Each structure stands twice: as C-alpha cells, then as structure tokens.
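First the structure, in the form of structure tokens, and then the observations on it.
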Amino acid sequence: MQPSTAERIARLSAHISPSNLQMGESSMLERANCRAKGGAPGFKVAILGAAGGIGQPLAMLMKMNPLVSVLHLYDVVRGFLGQKELEAALTGMDLVVIPAGVPRKPGMTRDDLFNINAGIVRTLCEGIAKCCPNALVNLISNPVNSTVPIAAEVFKKAGIYDPKKLLGVTMLDVVRANTFVAEVLGLDPREVDVPVVGGHAGVTILPLLSQVKPPCSFTPEETEFLTKRIQDGGTEVVQAKAGAGSATLSMAYAAVKFADLCLRGLRGDAGIVACAYVDSKVTELPFFASKVRLGRGGAEEVYQLGPLNEYERVGLEKAKQELATSIQKGVSFIKK
Ligand SMILES: NC(=O)c1ccc[n+]([C@@H]2O[C@H](COP(=O)([O-])OP(=O)(O)OC[C@H]3O[C@@H](n4cnc5c(N)ncnc54)[C@H](O)[C@@H]3O)[C@@H](O)[C@H]2O)c1
Ligand SMILES: O=C(O)C[C@H](O)C(=O)O
C-alpha cells in the first residue's frame, strides 16, 4: 500500500533530521572529508519538490554530502509547507535542485507533462529570481528540454539570467549509458565514461558511443541496441512501474552525483566535467546538452561535441529537429 502524504512527510523529516542520520564508514561521501576540515564553509542547498519519489531519497543522499551545511526542503503536499514558505526555503541558497512536478504514466511522453509542470517550474523560478538570484539551479522536472528554456525566460524577465547557472539534469542518461555499455563490455560501470549529448527525451538523448572511455568499438547491431536502450531507459522504468510513476531512486542517485560535482565546482575544484543541458553555442540551438566544465560560476565552459561518426551525425539531426520544437514551446509559454 502507498504511504499517505502525512506518512511520507514524517518519514522525510525523520530521514533528514541530523540527529537521526547515521553515516556508515562505507558511505559514498565520508565524514572524514567534511567541511569542518580546514574551516571551509559548506554550501546552502534547497530541494523544491522534496516530498516526492525523487525528492525523498535525494534529500537523504544530499544530507550525506559533506559539502552541504544547510539543506532546505520545500514541497506543497501539506498546506503549511505551501507557497507562502517558498521564499524562506530559497533565501540565501547556493544551489537549488528542482524535482517538483508530475511524473509520466505508461503511454505518455515527457512532453505530455508540459501543461502541468511548465506552470510549476515558472512559479518556482520566479521565487528563485526573487530570493536567491545568484544560486545555481539544477532542473530535473520534465520535460527538461522545455522546462530549462522556461526557467531561462523567467530569469531573463526578472533581469537576473546568468546562462552559466542554469543546468538541466541529464545525468541519469549518463548513468544509464555507463551501466549498459559496461554490461556489453564486461566492465565495472564506474570505469566507463559515455558522453550523452542533445537533450533528455527519446531521440534527443544521443549517446556518443564512438567517444566511450576506455576506447572501444561496437558492431552496428551493438550500437543500435545500446542507443535505443539508453534513449528508452526512462520509458522502460515507466512501463515497469505500471502507473506508479517514473524513475526515482536512480534519479536521486544521479541528481546527488550531479549536485556534488556542481558543489565541487562552486568550491573551486579544478577539472570538474559533466554532461548537462545548458545555454549553448555548440549547435544552432539555444540549448543543448554536452560536456561542461563546472566552476565557481557554474557551467563555465561548454565543450564542443568532438568528432562524430555517420550514425551519430544522423542521430544529431533527428535530435536537433525535436529539440527545436521543445525549446520553442518553453520559450513561448513565458513570452505569450
Ligand atoms: N531529469 C530526469 O532525468 C528525470 C528523471 C526522473 C524524473 N524526472 C522528473 O522529475 C519530476 C518529479 O518526479 P517524481 O517521481 O519525484 O514525482 P512525484 O510526484 O513523486 O514528486 C513530485 C513532488 O513535487 C511536488 N510538487 C508539485 N508541485 C510543486 C510545487 N509547485 N512546488 C514544490 N513541489 C511541488 C509534489 O508535491 C511531489 O512531492 C517529474 O516531472 C519527472 O518526470 C526527471
Ligand atoms: O522517463 C521519465 O519520464 C522520467 C525520466 O525522465 C527518466 O529518464 O527516467
């Protein structure tokens, strides 16, 4: 049986209470590296949509990150947590992670979520523009290909748009790509690096299998199989969950991994690179996912795609066609 909303909130609070949080020695991010060492301050992070399927494990995993000193959780599932508390949740934040919004049911595309999620993202971004205009924003809410342009337009309207600070989260595509490619190669996924470019829906998800590290090659059948599996990974989960939503724990893992890289960049660590859907000049489109270098200012450098093979060049054209429509839809939603 699904837990009630009140139970979910209670569990969430229990999870994030510092006194309840147990950190094992095998924790992904060890206490030994905590911010107290060297006196460096931690970062303030807000999660908007924190009581949801992604938000709950994301909040717990984020709390375990030693780079995070303050964690604000915001949702609307109970009256007293609603919009009147948004400003308090956002004020002073360095990083805002947004998994707020409805997930897909079987038979739906991510674009079918636009009508509901576009308005949610607009409201939340208006809050960010007002209360923490300098924060880095990690946008997870679908359809990411349109919600990132929506966020950009809201920020432009408010006069605070910094393209480097708005990042659509495509890390789950990279996590899936690394996993599936590692299976085919018989390697540990942690040893594999697959760049995934384009966007975050169907054919716009373009894994560059010719650029996999460690260097390797695939037969045309393997290339076709892997590309489709990576592009349809989200739909596979939606079908398996049969109406109970989309990927949650894997998304929380991917979101926390991406947020950690962003925080390391904010701290000034060198050489932090990840794929993200950002304001871009890599193609003729205003937004595109590719590898970016994360630094104190956010996505400080957006890398070119590098050499593509014929299969990828064809895939890129398909991806751009669909992306252009999704971007335009997001922009018009704010401009209309
Ligand atoms: N980018 C990706 O790779 C990726 C991966 C998985 C899911 N998603 C997307 O993430 C979103 C959330 O998925 P989920 O499984 O956590 O859904 P969910 O329904 O379990 O949780 C969403 C949460 O958002 C909250 N919410 C709704 N409106 C809000 C508002 N105005 N302000 C704050 N919170 C609000 C809800 O109360 C709920 O707690 C969906 O749009 C989904 O498609 C994206
Ligand atoms: O597939 C979805 O609807 C959720 C998410 O975008 C995913 O890739 O798992």
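In this text, all values refer to a predicted model and were calculated from it rather than measured experimentally. First listed ligand is number 1; within each ligand, the first listed atom is number 1.
Between I140 and ligand 1, at least one pair of N/O atoms sits closer than 3.5 Å. The N/O atoms of V169, backbone and side chain alike, include one that comes under 3.5 Å of an N/O atom in ligand 1. In terms of N/O distances under 3.5 Å, ligand 1 is not approached by L113. Here's the thing with G55: none of its N/O atoms is less than 3.5 angstrom from an N/O atom of ligand 1. Not a single N or O atom of P103, backbone or side chain, sits closer than 3.5 Å to an N or O atom of ligand 1. Inclusion of I54 in the set of residues having an N or O under 3.5 Å from an N or O of ligand 1 is warranted. In terms of N/O distances under 3.5 Å, ligand 1 is approached by N117. When only interatomic distances are considered, the shortest N/O to N/O separation between N142 and ligand 1 falls below 3.5 Å. Taking distance alone, with nitrogen or oxygen atoms compared against 3.5 Å, S246 stays at or beyond that limit from ligand 1.
Looking at T170 against ligand 1, nothing comes within 4.0 Å, counting heavy atoms. Counting heavy atoms closer than 4.0 Å to ligand 1, residue T248 contributes side-chain atoms (C-beta onward) but none from N, CA, C or O. Counting heavy atoms closer than 4.0 Å to ligand 1, residue L86 contributes nothing at all. At a heavy-atom cutoff of 4.0 Å, ligand 2 is contacted by the side chain of N142 but not by its backbone. With a 4.0 Å cut-off on non-hydrogen atoms, A100 touches ligand 1 through its backbone as well as its side chain.
The heavy atom nearest to atom 5 (C) of ligand 2, out of those in H200, Q231, M251, R176, is found in H200. Scanning A51, A89, A50, G52 for the heavy atom closest to atom 23 (C) of ligand 1 points to G52.
A heavy-atom separation below 4.0 Å is found between H200 and ligand 1. Contact between T123 and ligand 1 is absent, with no heavy atom of the residue lying under 4.0 Å from the ligand. Using a 4.0 Å cutoff on heavy atoms, L172 counts as a contact of ligand 2.
Those atoms of ligand 1 that come under 4.0 Å of a heavy atom in Y74, given as number and element, are 32 (N), 33 (C). Distances below 4.0 Å separate heavy atoms of L124 from the following atoms of ligand 1: 32 (N). With ligand atoms numbered from 1 in the order given, ligand 2 contributes 2 (C), 3 (O), 4 (C) to contacts under 4.0 Å with heavy atoms of S246. The contact set between ligand 1 and A247, taken as ligand atoms under 4.0 Å from a residue heavy atom, comprises 6 (C), 7 (C). Heavy-atom contacts of V77 reach the following atoms of ligand 1: 37 (O), 39 (O) (cutoff under 4.0 Å). Remark: ligand 1 atoms within the under-4.0 Å shell around heavy atoms of V144 are 1 (N). Using a 4.0 Å cut-off to heavy atoms of V102, the atoms of ligand 1 that qualify are 40 (C), 41 (O), 43 (O). Numbered from 1 in the order shown, with element, the atoms of ligand 2 that lie under 4.0 Å from a heavy atom of R104 read 1 (O), 2 (C), 3 (O). Under a 4.0 Å criterion applied to the non-hydrogen atoms of A247, ligand 2 contributes the atoms 9 (O). Residue G234 has at least one heavy-atom neighbour below 4.0 Å for each of these atoms of ligand 2: 1 (O), 7 (C), 8 (O), 9 (O). Using a 4.0 Å cut-off to heavy atoms of G53, the atoms of ligand 1 that qualify are 16 (O), 18 (P), 20 (O), 21 (O).
For E126 and K130, the salt-bridge test fails: no basic side-chain N is under 4.0 Å from an acidic carboxylate O. A salt bridge does not link K164 to E300: none of the charged nitrogens lies less than 4.0 Å from a carboxylate oxygen. The residues R229 and E236 are annotated as salt-bridged, a charged nitrogen and a carboxylate oxygen being separated by less than 4.0 angstrom. Between E284 and K320, at least one side-chain N (NZ, or NE/NH1/NH2) sits under 4.0 Å from a carboxylate O, which counts as a salt bridge. In summary, D111 and K329 engage in a salt bridge, as defined by a charged side-chain N under 4.0 Å from a carboxylate O.
Judged by distance alone, the side chains of T325 and Q321 never bring a donor and an acceptor atom under 3.5 Å apart. Between the side chains of Y161 and E153, no donor-acceptor pair of N or O atoms lies under 3.5 Å. When only modelled atom types and interatomic distance are considered, D173 and H200 share a side-chain donor-acceptor pair under 3.5 Å. Inspection of the S210 and E312 side chains reveals an N or O donor paired with an N or O acceptor under 3.5 Å.
Annotation: K257, atom NZ; neighbour count of heavy atoms from other residues, nucleotides and ligands within 6.0 Å does not exceed 12. Remark: E301 CD is packed, more than 12 non-hydrogen atoms of other residues, nucleotides or ligands lying under 6.0 Å away. With a 6.0 Å radius and a threshold of 12 heavy atoms from other residues, nucleotides or ligands, L187 has its CG atom above the threshold. Annotation for K165: atom NZ counts as buried by contact number, over 12 foreign heavy atoms lying within 6.0 Å.
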Determine, step by step, whether F225 and F218 satisfy the ring pair (Phe, Tyr, Trp, His ring centres under 6.0 Å) criterion, reporting the C-alpha distance in whole Å, the side-chain angles of both residues, the deciding distance to 0.1 Å, and the verdict.
CA-CA 10 Å; F225 167 79; F218 299 99; over 10 Å; no
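Remark: the backbone N or O of A50 is paired with a side-chain donor or acceptor of D75 at under 3.5 angstrom. Proximity of a side-chain donor or acceptor of N145 to a complementary backbone N or O of G199 within less than 3.5 Å is not detected.
A side-chain contact (heavy atoms from CB on, under 4.5 Å) with I230 holds for exactly one of T179, I205, L206; it is I205.
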